[in-house]
Amino acid sequence: MKFRVERDALADAVTWAARSLASRPTLPVLAGLLLRVDDGHLTVSGFDLEASTEVDLEVSAGESGTALVSGRLLADITRALPPHPVDVAVDGSRLTIACGSARFSLPGMPVDDYPKLPVMPTTAGTVDGAEFAAAVAQVAIAAGRDDTLPMLTGVRLEIDGDRLTLAATDRYRLAVRELTWNPGDPSSANAQVLVPARTLADAAKSLSHSESLTISLSSGGSGEGIIGFSGTTNGRASRTTTRLLDATFPAYRSLLPSEWASSAELAVSPLVEAVRRVALVTDRNAPVRLEFADASVSLTAGGDDEGRAEEQLEVAYDGDGIVTAFNPQFLLDGLSALSSGTARLLFTSSTKPVVLRPADAPAGDGDAPEYTYLIMPVRLPG
């Protein structure tokens with residue numbers, strides 16, 4: 001194998017493919033990146049038996065071939081190379097890298113021991129890369145991180161015709177986002193799958209610059225299988241797959257209230273700043289108390305045995321006064337995910353989950369809002 005490539009193109013490709021490498025691989029070869037040159041194209045691949053990444057780029061190929069080398073080391077080296085064309089070649093059992101006056105020689109790994117990467121499943125449809133990445137980011141914040149509850153560590157992806165619905169919950173909050181997409185076959189576009197949240201968020205973010213991001217699903221679209229994402233950025237074709245979670249996601253739609261007793265609208269930025277300030281006097285997970293009245297909300301945190309903070313903000317409030325409290329980080333996550341500068345909070349009671357939406361989202365019957373964040377209040381003493 002022998003080829004020449006631009007330094008930035010190689011560094012970007014290697015860094016992208018190295019995302020799927022496990023920090024503690026179960027097999028030594030899984031710490032490697034597979035480099036394959038054929039017909040003027042270089043394919044860089046990574047695989048950890050759960051998720052795979054592949055990226056293609058054009059090179060000036062001298063000889064076709066395949067090599068397997070340490071992915072982390074290769075990524076560090078390519079990022080540190082000087083801004084000159086890079087010459088890469090296999091020399092016996094080693095991979096040599098030459099760029100300007102810099103020279104590296106890396107030991108190769110046995111290519112025959114490297115597992116076969118999953119085949120990209122059937123194309124289900126396409127979606128705007130930036131919009132999909134934004135939607136995933138809004139929802140993935142609510143996914144659980146406890147691997148003993150796998151059904152809560154994923155993002156539920158529902159396909160219904162030209163609508164995509166993403167949902168995630170960790171039992172204390174729930175995030176739901178709807179968006180339109182372009183199904184491959186509208187008449188049969190119907191599927192519900194559970195995708196690992198961290199892998200989905202990483203894939204969506206890395207492909208966010210793709211004008212058209214392709215989503216591919218294994219046959220059946222449910223249960224065991226894989227999901228794939230692919231796109232092209234700056235002439236570089238990138239693909240990633242991950243195994244679906246074989247777990248039952250909670251029936252989350254029953255948790256979304258259809259009516260409420262009171263509502264509040266207030267600017268997001270001042271509320272975020274106020275929550276952060278009053279939370280300084282408490283432990284990280286101690287609640288911040290909010291008391292809503294006619295035209296104001298009072299935020300308090302702390303107590304007599306510790307520091308205490310208070311702040312008041314103007315609010316457009318409709319309904320009887322209510323006192324509630326939230327985990328400050330959960331509240332900040334929801335506020336930060338809003339696409340609007342004004343937030344709407346919808347209350348049924350002080351002990352029931354509160355709905356957080358952009359202020360321009362529908363408040364009554366009719367079209368469903370694009371984004372909904374449901375947060376469980378912290379029960380106050382007395």
Side-chain angles (χ1 to χ4, degrees), residues 18-26 30 46-53 118 121 124 127 132-159 164-179 191-208 213 215-218 220-229 239-256 284-285 326-337 353 356 371-376 378:
R19 296 177 308 104
S20 65
L21 300 181
S23 56
R24 296 180 180 178
T26 55
L30 296 180
F47 190 32
D48 69 353
L49 299 182
E50 294 293 330
S52 72
T53 49
V127 64
F132 185 70
V136 171
Q138 286 179 306
V139 170
I141 55 171
R145 292 168 177 77
D146 184 356
D147 290 334
T148 64
L149 299 170
M151 75 290 293
L152 302 182
T153 63
V155 171
R156 166 90 163 182
L157 192 153
E158 300 176 356
I159 298 173
L164 273 181
T165 301
L166 306 171
T169 181
D170 61 1
R171 295 180 298 175
Y172 305 105
R173 63 255 183 88
L174 165 69
V176 182
R177 171 69 196 272
E178 293 188 356
L179 66 158
Q192 301 84 37
V193 295
L194 190 58
V195 189
R198 282 175 290 189
T199 305
L200 177 61
D202 189 34
K205 182 178 180 180
S206 64
L207 293 170
S208 62
L213 184 152
I215 301 177
S216 304
L217 279 172
S218 55
S222 61
E224 294 184 358
I226 64 172
I227 187 170
F229 304 94
R239 303 174 295 280
T240 182
T241 68
T242 184
R243 291 186 183 276
L244 298 171
L245 293 172
D246 186 16
T248 302
F249 193 73
Y252 69 92
R253 294 187 185 277
S254 62
L255 303 176
L256 299 172
R284 180 179 179 183
N285 294 320
F326 302 107
N327 175 305
Q329 189 56 55
F330 290 174
L331 179 57
L332 290 171
D333 285 344
L335 291 170
S336 300
L356 179 62
Y371 182 64
T372 297
Y373 185 84
L374 197 72
I375 179 172
M376 177 67 71
V378 177

side-chain contact (heavy atoms from CB on, under 4.5 Å) between I215 and F229: does it pass, once the steps are laid out? CA-CA 5 Å; I215 301 177; F229 304 94; 3.9 Å; yes
Is it the case that the side chain of [X] and the backbone of [Y] share a donor-acceptor pair, with hydrogens and angles ignored and the cut-off at 3.5 Å?
{"X": "Y373", "Y": "A337", "value": "no"}
{"X": "R243", "Y": "L49", "value": "yes"}
{"X": "D170", "Y": "R173", "value": "yes"}
{"X": "T153", "Y": "P150", "value": "yes"}

Could you tell me the separation between the [atom1] atom of [X] and the [atom2] atom of [Y], rounded to the nearest 0.5 Å?
{"X": "F249", "Y": "L152", "atom1": "CZ", "atom2": "CG", "answer": "7.0 Å"}
{"X": "L179", "Y": "Y371", "atom1": "CG", "atom2": "OH", "answer": "13.5 Å"}
{"X": "F132", "Y": "L166", "atom1": "CZ", "atom2": "CG", "answer": "5.5 Å"}
{"X": "R171", "Y": "L255", "atom1": "CZ", "atom2": "CG", "answer": "13.0 Å"}

State which residues pass side chain to side chain donor-acceptor pair (under 3.5 Å) with T241; sequence neighbours excluded, sorted by chain then number.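 Side chain to side chain donor-acceptor pair (under 3.5 Å) check on T241 returns S52.
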Write out all pairs satisfying salt bridge (Lys or Arg N to Asp or Glu O under 4.0 Å) with one or both partners inside residues 137-156, taking only residues at least two apart or from two chains.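 Qualifying pairs, neighbours excluded: D147-R198, R156-E158.
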Residue from T372, I375, L256 passing side-chain contact (heavy atoms from CB on, under 4.5 Å) with L174: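 For L174, the side-chain contact (heavy atoms from CB on, under 4.5 Å) test succeeds with only one of T372, I375, L256, which is L256.
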Show, in sequence, the C-alpha distance, side-chain angles and deciding distance for L194 and L244, and conclude whether the side-chain contact (heavy atoms from CB on, under 4.5 Å) test is met. CA-CA 6 Å; L194 190 58; L244 298 171; 6.0 Å; no
Measuring only between side-chain heavy atoms, which start at C-beta, is Y252 closer than 4.5 Å to T169?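 No; the side chains remain at least 4.5 Å from each other.
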Answer yes or no: is there a side-chain heavy-atom contact under 4.5 Å between D48 and P25?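 Not in contact.
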Tell me whether Y172 at atom OH has more than 12 heavy atoms from other residues, nucleotides or ligands lying less than 6.0 Å away.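 Incorrect, the count does not exceed 12.
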What residues form a side-chain contact (heavy atoms from CB on, under 4.5 Å) with S23, not counting sequence neighbours?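 Residues passing side-chain contact (heavy atoms from CB on, under 4.5 Å) with S23: none at all.
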side-chain contact (heavy atoms from CB on, under 4.5 Å) evaluation trace for L200 with V139: CA-CA 11 Å; L200 177 61; V139 170; over 6 Å; no
From T242, T240, T199, T53, residue fulfilling side-chain hydrogen bond (donor to acceptor under 3.5 Å, both in side chains) relative to S20: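 Testing each of T242, T240, T199, T53 against S20, the sole residue satisfying side-chain hydrogen bond (donor to acceptor under 3.5 Å, both in side chains) is T53.
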